[in-house]
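Owing to the predicted nature of the structure, the values given are computational and were not obtained by experimental measurement.
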Amino acid sequence: MIEMLQRIVTLIIKEFMLILIDPKSRFVIIVPPLIQFVIFSYSATFDLQNVEYAVLDESNTEQSRTLLSHFSGSPHFELVRTLDTTAQVPELINTQKVRLVLHIPTDFADRVTNHESANIQVIADGRNSNVASVALGYVQDITQQYGASLQTSTMSSSPQVVLVQRSWFNRNMETRWYIVSSLGGIISMVIAMLLSALSVARERESGTFDQLLVSPFQPAEILIGKAVPCVFFGLVDATLLSLAAAYWFGVPFRGSIIALVLVLLAFLIAVVGVGLFISSMSVTMQQGLLGAFVFIMPSVLLGGFTTPISNMPQWLQNATLINPLRYVVQALREIFLMGADFSATWHYVWPLLIISAVTMPAAAVMFRSRTQ
């Protein structure tokens with residue numbers, strides 16, 4: 001047992017040195033995680049700012065100008081055109097010069113003064129349905145606030161029904177919190193997958209694989225020696241990115257650090273098992289890279305990172321049960337935003353352990369069959 005541990009430690013040290021000496025592996029560890037995290041964290045948000053809009057105010061009264069002042073004072077909207085006729089609307093929408101047009105009819109002030117229902121028309125560019133729906137939601141909020149102010153000023157003695165909205169865990173409904181909290185898991189998967197997918201293929205391409213086979217190392221010892229550095233670097237990247245999410249982007253970290261580390265550890269072991277399986281089948285590093293990306297793309301799309309898994313067809317939801325990214329994405333969001341500890345995230349950890357128990361032996365079997 002002591003001799004086996006010594007051989008494994010020797011292999012681990014050798015792998016660390018190979019990864020750190022190899023310019024390609026060193027580049028994969030340092031540069032892509034930082035670039036991806038910064039770009040994705042700043043760009044990946046569903047919140048809209050400075051939505052270009054135009055105004056067609058056929059009422060042109062104090063009431064209509066008061067309503068429009070709510071839009072001009074909002075950080076979500078940016079007035080770019082004031083229209084004179086409805087004939088100008090199609091050109092602005094078709095050429096994408098504005099995302100929406102506010103049309104206030106001529107009888108708007110009279111209806112407001114007579115306490116009647118006053119309607120305004122919003123014409124939105126529906127080619128990007130997500131942007132249009134979010135922008136229309138902002139418009140609805142502003143018009144509701146304006147309507148509530150009218151009721152307060154004209155019907156203060158009448159009973160009112162007031163809707164008070166509160167959101168647990170994310171009181172300002174910042175989508176960046178939702179995205180950045182789980183981004184470290186995805187980037188660490190990419191790093192661990194690439195390092196592990198290149199490990200055996202690098203030995204074959206450099207001509208040292210045959211020397212490894214005639215050495216006294218067992219196939220399981222070789223895989224352990226190659227897996228530990230990949231898990232280590234993935235864990236380091238994920239931890240650093242979690243710190244950046246909390247201290248740079250202001251995402252609250254309310255959970256347990258132990259839970260964070262254990263969830264990431266179980267996840268990375270499962271991912272490295274897949275990477276070593278791909279690497280065992282690859283002859284060159286290029287094949288290893290292609291195999292890694294073949295696994296990464298569907299994992300991200302079916303991991304619940306951007307689209308809820310519950311919105312997928314049932315057969316596809318069942319297929320995501322074998323995707324390790326599904327569990328770490330949900331676990332990281334609960335650790336960051338809900339303050340979950342290890343006991344609360346255990347139902348995410350045990351599926352990862354089962355996946356690890358399948359992927360690592362599968363990599364060992366493939367490695368042993370390719371060495372015979």
Donor-acceptor pairs under 3.5 Å, side chain of residues 98-107 to any protein atom, not counting sequence neighbours: which ones?
residue: His103; atom: ND1; partner: Gln121; partner atom: OE1; Å: 3.1
residue: His103; atom: NE2; partner: Glu58; partner atom: OE1; Å: 3.0
residue: Asp107; atom: OD2; partner: Arg111; partner atom: NE; Å: 3.0

With Phe342, which residues qualify under ring pair (Phe, Tyr, Trp, His ring centres under 6.0 Å), at least two apart?
->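 Once residues adjacent in sequence are excluded, the partners of Phe342 under the ring pair (Phe, Tyr, Trp, His ring centres under 6.0 Å) criterion are Trp346.
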
Could you work out the complete set of other residues in the hydrophobic cluster of Met297, with links drawn between I, L, V, M, F, W and Y side chains under 4.5 Å apart?
-> none

Under 4.5 Å between side-chain heavy atoms, chaining through other members, with only Ile, Leu, Val, Met, Phe, Trp and Tyr counted: pull out the rest of the cluster around Leu316, sorted by chain and number.
-> Leu302, Ile309, Met312, Trp315

Taking only residues two or more places apart in sequence or in another chain, which ones pass side-chain hydrogen bond (donor to acceptor under 3.5 Å, both in side chains) with Asn60?
->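 Partners of Asn60 by the side-chain hydrogen bond (donor to acceptor under 3.5 Å, both in side chains) criterion, ordered by chain and then number, come out as Arg65.
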
What residues, two or more places apart in sequence or in another chain, satisfy side-chain hydrogen bond (donor to acceptor under 3.5 Å, both in side chains) together with Asp125?
->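 Asp125 satisfies side-chain hydrogen bond (donor to acceptor under 3.5 Å, both in side chains) with Arg127 only.
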
Exercise answer: donor-acceptor pairs, residues 228-251 side-chain atoms, under 3.5 Å, sequence neighbours excluded:
residue: Thr239; atom: OG1; partner: Leu235; partner atom: O; Å: 2.7
residue: Ser242; atom: OG; partner: Ala238; partner atom: O; Å: 2.8
residue: Trp248; atom: NE1; partner: Tyr42; partner atom: OH; Å: 2.9

Do Leu276 and Met366 touch side chain to side chain, with heavy atoms closer than 4.5 Å?
-> no

Partners meeting salt bridge (Lys or Arg N to Asp or Glu O under 4.0 Å) with Glu334 (sequence neighbours left out) |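 Scan of Glu334 (salt bridge (Lys or Arg N to Asp or Glu O under 4.0 Å), adjacent residues dropped) gives none.
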
Residues that [X] engages under side-chain contact (heavy atoms from CB on, under 4.5 Å), provided they are two or more places apart:
| X | answer |
| --- | --- |
| His76 | Gln49, Ser74, Tyr138 |
| Ser343 | Asp341 |
| Ser72 | Tyr53, Ser69 |
| Ile354 | Trp350 |

Looking just at side-chain N and O atoms, do Asp141 and Gln145 make a donor-acceptor pair shorter than 3.5 Å?
->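 Gln145 and Asp141 do not have a side-chain donor-acceptor pair below 3.5 Å.
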
